[in-house]
Amino acid sequence: MTRETRFGALAADARWQAAWESANSFATTETGDAKDSGRPKAYILEMFPYPSGRIHMGHVRNYAMGDVLARFKRMTGHDVLHPMGWDAFGMPAENAAMEKGVHPNGWTRANIDAMRGQLKRLGLAIDWTRELATCDADYYGQEQALFLDLFAAGLVTRKESYVNWDPVDMTVLANEQVIDGRGWRSGALVEKKKLSQWFLKITDFADELLEGLKSLDQWPDKVRLMQENWIGKSQGLEFSFRLAGGAPGFDVFTTRPDTLYGASFAAISPDHPLAERLAKDSPELAVFIAECRRQGTSAEQLETAEKLGFDTGLAVEHPLDPDWHLPVWVVNYVLMDYGTGAIFGCPAHDQRDLDFARKYDLAVHRVIADGDEDGQVFHGDEAYVGTGRLVNSHFLNGMGIDEAKAAVIARAEHEGWGKGTTVWRLRDWGVSRQRYWGTPIPFIHCPACGLVPVPKGQLPIVLPEDADFSVPGNPLDRHPTWKHTSCPSCGGEALRETDTLDTFVDSSWYFLRFASAPADKPFDPAVIARWLPVDQYIGGIEHAILHLLYARFWTRALQRIGMVDIKEPFASLFTQGMVTHETYSRAQGEGLPPLYFTPDEVTRTAEGATLDADGAPVEVGRVIKMSKSKKNVVDPDAILDQYGADAARWFMLSDSPPERDLPWSEAGIEGAWRFVQRLWRLFGESENTGDGGEDIALARKLHRAIAVVAADIEALGFNKAVAKIHALANDIEKAEPSATRAEACATLILLVAPMMPHLAEEAWAGLPDARRTTDLVADAAWPAVNPALLADDEVTIVIQVAGKRRDEITLAKGLDKEAVEAAALARPRIAELLGGAAPKKVIVVPDRLVNIVP
RNA sequence: GCGGACGUGGCGGAACCGGUAGACGCAGCAGACUUAAAAUCUGCUAUCCAUUUGGGUGUGCGGGUUCGAGUCCCGCCGUCCGCACCA
């Protein structure tokens, strides 16, 4: 067979993908247990995609990274689990059903088929036998079983509550899914609606989920911090105010019980039951409350919102001095759904209270002083929130803040009017969705027996195939027959629950099902124990809170009921950056949005860009995340057709650090393509041994590259690994033919194999048998490093004079300081600079540099 | 407002633990090969002065610690991200 002078990527991609498939190369080695196989396990997982229909460049980047790691782990002797599946339930399928009249199942399955095909073209080392879609009855039936287990354990509740109702999607949203008062998917303004809802008691785990973050030392600090803020633990005092006259009042929560003597008013939320009660007899208050509710919740509105209040005329007794009465106001800045919906106002030491007090001319008393400022009247418009000592506070005077907090709590508990308590920002997870395309909640409403769990033997509760999607609302609820059933308990007529589960439930345990998927139960705990936790999880930062917090909760919930013995599902998390592209647009005149063009429609030059259709310039905009609306998208299929999988993968891994955004460019992919071809030519020289001699300098470079590339891949520093491989290729090309050079060419195949697997296979197949340890490079081992070749025996030492680089010498490695110093001072150039004078001081850093202070 | 991250050539970025700043790639310039183009190869490419050898400046800005700072400390400026009347 004569060797092609160009690497034919398209044919090679197909050839090797077929070869891997028929050799079953990426099937998981079931032992997965160092005890049995002697090999460590590596569970490499990328967040599974939603089957929207087409993959995008973000997927390519995400899966290329995971794939490099999975292939590298195989090469370094691990049993690897690297699966793929589909987060297949959710709104878009139902929207498609409504808009195009296709069934959600058919739409979803077709999308999965299309995307699977696209992913396979990337040549991913995935064990496709473990593929799952969350809309498989196999999968969601087991999810129903888990839901029943959690119910039995008291971790599922049903409560009547105000919910976030998305009027466009006609569904309920979790708090986390409401962004600036709008639905995260539809963008519609969210309304408050009272409904009976299913909840998972994530708040039971608030403390554990917070504490657990400390153990996740291989997670980005940023994500841990975001979760910590989300959980929002505050410790303080909860106490009751009595209305003056002795009538029962209301409870307040504060994190600053130390400032109680600085109180000058009490404030309740417009949604507080007391405010609502008072409003019945006060039309003015009713008007005020209505205005507060109209007030928006978006960032800008809150920023500029004025503190407004309504004096109820009521007064409450100060808990530490019953003769001291505080006026009760209804104010717009106290939220009903945090703490108790009521506070005491201490204007001197809380900015919001101070703004409010200044507006309504209320007393402002200093109770914390950081120096000699101890007058009772507080001046200025900036609250003092720093440290200090208590003043004007009777028995607290002179105490530090923490001491005073403890003293007030102790006194409250002793006298019985309050207690130390912890308040969380985290709410229970509302999982009810009034949708068709989700996991049916396995419960039955019986008029006689009430709420009855579906017996496990009757699972899965399958979605009906015939459903009407022509109008908004829940197709399950209006289905003519599906919800009618009999009660498992009394046998009488009963109705099925028609809510389905939030899709974040589906993604809270898919990583377990990948590891173990028996037919008769959700998973086999013994197999889970072998594979979990996931060793490397890779996905977008957009899941920092929702998905990752829910999955952590679900895992802990399963641990509590004894089904798994891990607390945290993901040992190491990596959040990759987005793929971005510049935009091309033309202004369309006043008031109109600009007209955007796709990269295909435009010719880009160094100076600017012109539209192919008319040859006139278009405006080159900022580099931003690829999005359909800005038309700055590049279709992976087109790239694969033109350049093949390896060039696409290589470019995705080059240049930008993986956690940062990657600017896509035509020049960049061209560069990757050229490098693929260059390597192909280089690999072709692998048998050119010249005179057969050794090239020790090249051998050193080779072995250093083997070690450094391995370390870079291990640390997910793909851009650095790419740079090192480039440098090594340069070095090999410059070297004269030799046995070492031939060996280096062959070894380079292995170094690029995780990133460019098709090219590697093609080149590997061209090697003589003597050089090939395995038929497929996919089964080959990572090259061994010869430690003796890692270090040079000579080093270049820089000579500085007064901290400035003036000269350099090459010396044997490991010389002692005196010898290095003498060698440096002996240099004519250094002697000249010193002008004959003895140096004041000489610093020698072994094998690195000499700094001479004249 | 609170919290966090980041500022290095024309661009993406590299630089171990404080020790040669700009690796590697892209773009650009010059040259070789070619009838020509593509492809490929070679060289140059932070900046200013001298242009042969060298010297000055330079990692957002201003200070500081140190023999030595992109890296550590203090204070600014800018960009991006997250949260948000959370009591």
Side-chain angles (χ1 to χ4, degrees), chain A residues 5-6 179-180 220-230 232-234 236-237 252-256 259 267 269 295 297-299 301-303 305-307 331-335 337-346 349-353 355-356 423-425 541-542 544-545 605-606 623 650-651 654-657 659-663 665-672 674-675 677-678 681 708 711 717 719-730 733 796-808 829 839-854:
Chain A
T5 52
R6 275 171 77 85
I179 295 145
D180 289 344
D221 290 343
K222 179 191 169 105
V223 173
R224 291 195 286 178
L225 192 69
M226 282 164 76
Q227 293 210 354
E228 188 182 320
N229 290 338
W230 188 264
K233 180 180 187 174
S234 315
L237 170 71
V252 300
F253 172 72
T254 179
T255 55
R256 294 297 302 272
T259 64
S269 164
Q295 183 190 356
T297 49
S298 77
Q301 283 166 315
L302 289 177
E303 194 88 22
E306 204 181 352
K307 306 279 181 287
V331 304
N332 64 341
Y333 68 91
V334 172
L335 307 173
D337 59 3
Y338 183 80
T340 60
I343 61 161
F344 77 83
C346 176
H349 305 294
D350 182 287
Q351 189 60 48
R352 295 155 305 174
D353 293 342
D355 294 345
F356 182 75
V423 162
W424 305 87
R425 209 189 83 108
I541 187 74
E542 66 272 22
I545 296 172
T605 64
V623 176
W650 186 255
F651 179 49
S654 304
D655 294 348
S656 288
E659 69 278 11
R660 274 198 235 173
D661 289 352
L662 170 78
S665 71
E666 194 66 22
I669 183 71
E670 291 277 358
R674 278 201 301 273
F675 188 62
Q677 294 301 338
R678 210 177 118 202
R681 289 191 296 273
V708 170
N719 59 320
K720 295 189 217 170
V722 162
K724 306 288 166 40
I725 288 172
H726 262 287
L728 178 64
N730 292 346
E733 280 177 345
T796 301
I797 292 178
V798 166
I799 305 172
Q800 296 181 334
V801 176
K804 288 190 190 298
R805 184 179 180 282
R806 291 291 131 132
D807 199 0
E808 64 178 45
R829 174 145 175 74
K840 203 186 286 170
K841 191 173 178 186
V842 178
I843 292 105
V844 178
V845 182
D847 295 338
R848 278 194 169 264
L849 95 168
V850 179
N851 189 12
I852 298 162
V853 186

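Below, each value reflects all heavy atoms present in this structure, side chains not excepted, and no hydrogens, waters or symmetry copies. Chain identifiers are assigned alphabetically (A, B, ...) following the order of the sequence lines, protein sequences preceding nucleic acid strands; residue numbering begins at 1 within each chain.
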Which nucleotide wins on minimum distance to the side chain of A/E808, given the candidates B/rC85, B/rU20, B/rC24?
B/rU20
Between CG of A/L335 and C1' of B/rA84 the distance, given in whole Å, is 10 Å
Select base, sugar-phosphate, or nothing to describe what A/K840 touches, counting heavy atoms under 4.0 Å on all strands.
nothing
Over all heavy atoms of both residues, which pair between A/D350 and A/R352 is shortest? Give the atoms and the distance, please.
OD2-NH2, 2.6 Å
Closest to the 5' end of RNA chain B, once A/G341 and A/P663 are matched to their nearest nucleotides, is A/P663
Ignoring backbone atoms, establish whether A/K804 has a side-chain N or O less than 4.0 Å from OP1 or OP2 of B/rU57.
yes
Can you find a pair of side-chain heavy atoms, one from A/T255 and one from A/V423, that are under 4.5 Å apart?
no
Let me spell it out: for each of A/H726 and A/I843, pick the nucleotide of RNA chain B with the closest heavy atom. Which residue's pick is nearer the 5' end?
A/H726
Over all strands shown, is A/V722 touching base, sugar-phosphate only, or nothing at heavy-atom distances under 4.0 angstrom?
nothing
Closest nucleotide among B/rG25, B/rC67, B/rU40 to the A/R681 side chain
B/rU40
Separation of the C1' atoms in B/rC61 and B/rU79, to the nearest angstrom
15 Å
Name of the residue among A/L662, A/N719, A/V722, A/I669 meeting side-chain contact (heavy atoms from CB on, under 4.5 Å) with A/S654
A/V722
When rounded to whole Å, the CG to C1' distance for the pair A/N719 and B/rA14 reads 8 Å
Spacing of the P atoms in B/rG78 and B/rG68 (rounded, Å)
32 Å
Go through B/rG56, B/rG54, B/rA21 for me and flag the one nearest to the A/R829 side chain.
B/rG54
Could you tell me which residues satisfy salt bridge (charged side-chain N to carboxylate O under 4.0 Å, His left out) with A/E733, sequence neighbours excluded, listed by chain and number?
A/R678
Suppose we call a contact any N or O donor and acceptor under 3.5 Å apart; does that hold for the side chain of A/R848 and the base of B/rC16?
yes
Quick check on B/rG43: syn or anti? Syn means the glycosidic torsion is within 90 degrees of zero.
anti
Give me the distance, rounded to whole Å, that separates B/rG60 from B/rC24 when you measure between the P atoms they each carry.
22 Å
With sugar-phosphate meaning primed atoms plus P, OP1 and OP2, does A/V853 contact a base, only sugar-phosphate, or nothing at under 4.0 Å between heavy atoms?
sugar-phosphate
Considering Watson-Crick and G-U wobble pairs with both distances under 3.5 Å, what does B/rA5 pair with?
B/rU79
From C-beta outward on A/L225, which listed nucleotide comes closest to its side chain: B/rC86, B/rG3, B/rG19?
B/rG3
When all nucleic acid strands are considered with a 4.0 Å heavy-atom cut-off, which category describes A/R224: base, sugar-phosphate, or nothing?
nothing
State the OG1-CD1 distance between A/T254 and A/I343, to the nearest 0.5 angstrom.
8.5 Å
Using a 4.0 Å heavy-atom cut-off, does A/K724 contact any base of the nucleic acid, only the sugar-phosphate backbone, or nothing at all?
nothing
I want to verify the glycosidic state of B/rC48; is it syn or anti under the 90° rule?
anti
Now, which nucleotide makes the Watson-Crick or G-U wobble pair with B/rA30, with each of the two distances under 3.5 Å?
B/rU42
To the nearest Å, give me how far apart CG (A/N229) and C1' (B/rA5) are.
14 Å
Check whether A/F356 forms a cation-pi arrangement with A/K307 (NZ or CZ under 6.0 Å from the six-membered ring centre, at most 45° off the ring normal).
no
Integer angstrom distance from the C1' of B/rU42 to that of B/rU8
29 Å
Please report the distance, rounded to the nearest Å, between CG in A/N851 and C1' in B/rG18.
13 Å
Taking 4.0 Å as the cut-off, does a side-chain nitrogen or oxygen of A/R674 come that near to OP1 or OP2 on B/rC26?
yes
Students often get this wrong, so: under 4.0 angstrom with heavy atoms, is A/N730 touching a base, only sugar-phosphate, or nothing?
sugar-phosphate
For B/rG19, what is the paired nucleotide under Watson-Crick or G-U wobble rules, both distances under 3.5 Å?
B/rC67
Under 3.5 Å donor-acceptor pair, A/K222 side-chain atoms to B/rC81 base atoms:
no
Can you tell me which nucleotide in B/rA14, B/rC83, B/rC24 comes closest to the side chain of A/W230?
B/rC83
Looking only at side-chain N and O atoms, does A/R660 come under 4.0 Å of OP1 or OP2 in B/rC6?
no
Taking B/rC26, B/rC24, B/rA14 as options, the one with an atom nearest any side-chain atom of A/A667 is B/rC26
What distance, rounded to whole Å, do you find between the two C1' atoms, one in B/rG75 and one in B/rC17?
27 Å
Distance below 4.0 Å between A/S234 side-chain N/O and B/rA87 OP1 or OP2:
yes
Watson-Crick/G-U partner (both atom distances under 3.5 Å) of B/rA14:
none
Length of the line joining A/R425:CZ and B/rA84:C1', which is rounded to integer Å
8 Å
Does A/Q677 reach a base, just sugar-phosphate, or nothing at all? Heavy atoms under 4.0 Å.
nothing
Nearest-Å distance once atom C1' is located in both B/rU57 and B/rA50:
15 Å
Distance, rounded to the nearest Å, where A/D655 contributes CG and B/rG22 contributes P
19 Å
Euclidean distance for C1', B/rG22 against B/rG58 (whole angstrom)
11 Å
Is it the case that A/D355 and A/Y333 place a side-chain donor and acceptor less than 3.5 Å from each other?
no
Rounded to whole Å, please give me the gap between CG in A/L662 and P in B/rG13.
9 Å
How long is the line joining CD of A/E733 and P of B/rC24, in whole Å?
13 Å
Taking any heavy-atom pair under 4.0 Å as a contact, classify A/S654: base, sugar-phosphate, or nothing.
nothing
Rounded distance in Å between the P positions of B/rA36 and B/rC26:
26 Å
Heavy-atom closest contact (A/Y338 atom, A/W424 atom, distance)
CE1-O, 4.1 Å
Return the minimal non-hydrogen interatomic distance between A/G341 and A/V334, and the atom names on each side.
O-CG1, 3.4 Å
